[in-house]
Engineer: 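I'd like to ask you about the structure that follows.
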Amino acid sequence: MDSLTFVLFGATGDLAKRKIFPSLFHLFLDGKMPKSFTIIGLGRREWSDQTFQMHVEKSLQTFSKRSENGDASKVREFLSAFRYSSLDVTDHDGYKQVLGMVQKREEELGIPENRLFYLSVAPEFFDVISQNIKESGLGSIKGWKRLVIEKPFGHDLKSAQELIAKLSNAFEVDEIYLIDHYLGKPMVQNMESIKFANPMFQSLWNNKHIANVQITASETVGVEERAGYYDQVGAIRDMVQNHMLQLVMMTAMQQPTRIGANEIRNKKIKVMEFLRPLQKDEVVRDVVRGQYEKGYMNGELVPAYTDEPSIEGTSMNDTFIAARLWIDDPFWSGVPFYIRTGKRMKEKSTRIVIEFKNPIKDLYQEKNEETAPNLLIIEIGPNEGISIQFNSKNPLNHGKNEPVTGRFLANKKSMPEAYELLLSDALHGDSTFFVQWKEVELSWKWAEPILEAFEENNLPLHLYQSGSMGPEASEQLLQEDGFKWW
Ligand SMILES: NC(=O)C1=CN([C@@H]2O[C@H](COP(=O)(O)OP(=O)(O)OC[C@H]3O[C@@H](n4cnc5c(N)ncnc54)[C@H](OP(=O)(O)O)[C@@H]3O)[C@@H](O)[C@H]2O)C=CC1
Ligand SMILES: O=C1O[C@H](COP(=O)(O)O)[C@@H](O)[C@H](O)[C@H]1O
């Protein structure tokens, strides 16, 4: 792998300490970092290199699963690659100092000008930082440069288009790596293999055999300390427009002619192109919006969304969304895709359930027996695994058919974190599991009528009890089609 300088904007922030430092450390322990590298942290705080290194060390102790087994000399070696410079990202002149620091390290290590800029800062800074990278000369290099940014990528179609236009003043589109951490989850990355490396599933992955697809991302947490952000975005912008649609794309994409970044990315785009657009007046039919009421979570009473600190009592924000989607291509036409996500739900679970058609139902009805549908359940988190539900005779119950489940569970301890996989890909320049701008645009385009309908209050806001699986209307959405949530 190429030696490089990793320039981290927002190095004093939450994401850096929780995810970025521990992930880089794990890559380092596994020999997946380049031989020579520097990590330059930037923030407004007036820190020395030493203070920064101590901060990184603390982050490893607190957030790394592997720090307790770490060899102290390995930790020291890792920390020695960290440098810090104080910078207000809006201060144009300050970037010269950063450039000097980067060049000095490149010379010291004798490494080429390969620079990865990671923007772990609020999105309003993306534009000014990329422009300053360009104007300061930080981006004028003989090696390669990459820009990594975190969602949100705009707050609607127009702002997303403006963002890409601005970033492309300083970076080529293929130098920009858009992180959706769901694409870094090992089981999401594994979808490709489950579908395409198993003829058994590959041959069934279409509307001839699949009755419906159900994608759930339920959370037990409430709004927490993010009231200011969350009350502006709701579940639709926070989860649906990005993570949930990415899961739809990963589930529905057709087999490419070869397994390569471009081929997979093209197939994902195809899904979005065939996703049936919603009209504003149809939103009420296909989308359920909800907001959590007070309720019991693990025996403890938790407040309603509108009683959370810093949330207005009149807030109509959506903390839950369920929706029915259709992909009008020859492979999926007639198969509903249901998605649901919400805060303060009964359990933390992200999973995809494929429900297969059940044409042999009648065969057993004569014997007064039912056969349950076959299910393939892809568990994405917090457990990672695959289950299959199938029917089997129970000799202890008069030999009647009963559904049983076979389950493969991955070893949690050895599973890499999403950020580990994505950072490793970004270091290698592999963009397979990064979001493409076209996907961002098409996702916002699909979400726009929903955003408008919410704004105009064209559909009910269903209250649901904290600790439940969402409002009753979400159950009805599937019942209308003769299905139920699994
Ligand atoms: N935290 C998380 O788990 C997740 C975060 N994200 C995204 O990651 C990004 C960062 O989030 P997070 O770490 O939580 O945010 P924090 O508020 O914890 O950190 C913000 C960082 O930005 C720096 N900063 C703010 N203003 C300036 C400025 N004018 N000049 C220079 N640096 C500045 C702060 O440094 P200082 O105070 O020293 O100036 C700090 O390092 C956001 O886009 C967020 O949406 C995405 C997914 C999860
Ligand atoms: O991006 C986000 O994701 C988290 C859920 O992520 P997960 O990996 O725990 O499933 C969500 O809580 C947060 O609101 C959202 O911004």
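Remember, predicted model here, so these are calculated numbers, not experimental data. Atoms within each ligand, like the ligands themselves, are counted from 1 in listed order.
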Engineer: Nearest 0.5 Å, please: how far is CG in Asp318 from NE2 in His462?
Structural biologist: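 Between His462 NE2 and Asp318 CG, I get 12.0 Å after rounding to 0.5 Å.
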
Engineer: So, Glu379 and Arg407, do they make that salt bridge, N to O below 4.0 Å?
Structural biologist: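 Here Glu379 pairs with Arg407 in a salt bridge, since their nearest N and O are under 4.0 Å apart.
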
Engineer: Can we call the ring centroids of Phe9 and Phe125 under 6.0 Å apart?
Structural biologist: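 Aromatic pair excluded; centres sit 6.0 Å or further apart.
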
Engineer: Glu439 pairs by salt bridge (charged side-chain N to carboxylate O under 4.0 Å, His left out) with which of Arg265, Lys267, Lys268, Lys151?
Structural biologist: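 Only one option passes, and that is Lys268.
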
Engineer: At a 4.0 angstrom heavy-atom cut-off, what protein residues surround ligand 2?
Structural biologist: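 These residues qualify: Lys151, His181, Tyr182, Lys185, Glu219, Arg226, Asp238, Met239, His243, Lys343, Lys348.
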
Engineer: Note every protein N or O atom lying under 3.5 Å from an N or O atom of ligand 1, pairing the names and giving the distance.
Structural biologist:
unit_1	atom_1	unit_2	atom_2	d
ligand 1	1 (N)	Asp14	OD2	2.8
ligand 1	13 (O)	Asp14	N	3.1
ligand 1	13 (O)	Leu15	N	2.8
ligand 1	18 (O)	Asp14	N	2.8
ligand 1	26 (N)	Arg44	NH2	3.4
ligand 1	29 (N)	Asp88	OD1	3.2
ligand 1	30 (N)	Val89	N	2.9
ligand 1	35 (O)	Thr12	OG1	2.8
ligand 1	37 (O)	Arg45	NE	3.4
ligand 1	37 (O)	Arg45	NH2	2.9
ligand 1	38 (O)	Thr12	OG1	2.8
ligand 1	38 (O)	Arg44	N	3.1
ligand 1	38 (O)	Arg45	N	3.1
ligand 1	38 (O)	Arg45	NE	2.9
ligand 1	39 (O)	Arg44	N	2.9
ligand 1	39 (O)	Arg44	NE	2.6
ligand 1	39 (O)	Arg44	NH2	3.4
ligand 1	41 (O)	Gly10	O	3.3
ligand 1	41 (O)	Thr12	N	3.3
ligand 1	41 (O)	Thr12	OG1	2.7
ligand 1	41 (O)	Gly13	N	3.0
ligand 1	43 (O)	Val121	O	2.8

Engineer: Of all heavy-atom pairs between Phe171 and Ser130, which one has the smallest distance, and what is that distance?
Structural biologist: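 Nearest pair, atom of Phe171 first, then Ser130: CE1-CB, 4.0 Å.
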
Engineer: Run the ring pair (Phe, Tyr, Trp, His ring centres under 6.0 Å) test against His181 and tell me which residues pass, sequence neighbours left out.
Structural biologist: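 If we apply the ring pair (Phe, Tyr, Trp, His ring centres under 6.0 Å) test to His181, skipping adjacent residues, the hits are His243.
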
Engineer: Using the side chain to side chain donor-acceptor pair (under 3.5 Å) rule, collect all pairs that involve residues 163-177, keeping only residues at least two apart or in two chains.
Structural biologist: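 Side chain to side chain donor-acceptor pair (under 3.5 Å) check on residues 163-177 returns Lys145-Glu175.
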
Engineer: Tell me whether Arg324 is salt-bridged to Asp286, with the criterion being a basic N under 4.0 Å from an acidic carboxylate O.
Structural biologist: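 Salt bridge present between Arg324 and Asp286.
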
Engineer: Salt-bridged, Lys270 to Glu273, with N to O below 4.0 Å?
Structural biologist: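 Judged by the 4.0 Å cut-off on N to carboxylate O distance, Lys270 and Glu273 do form a salt bridge.
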
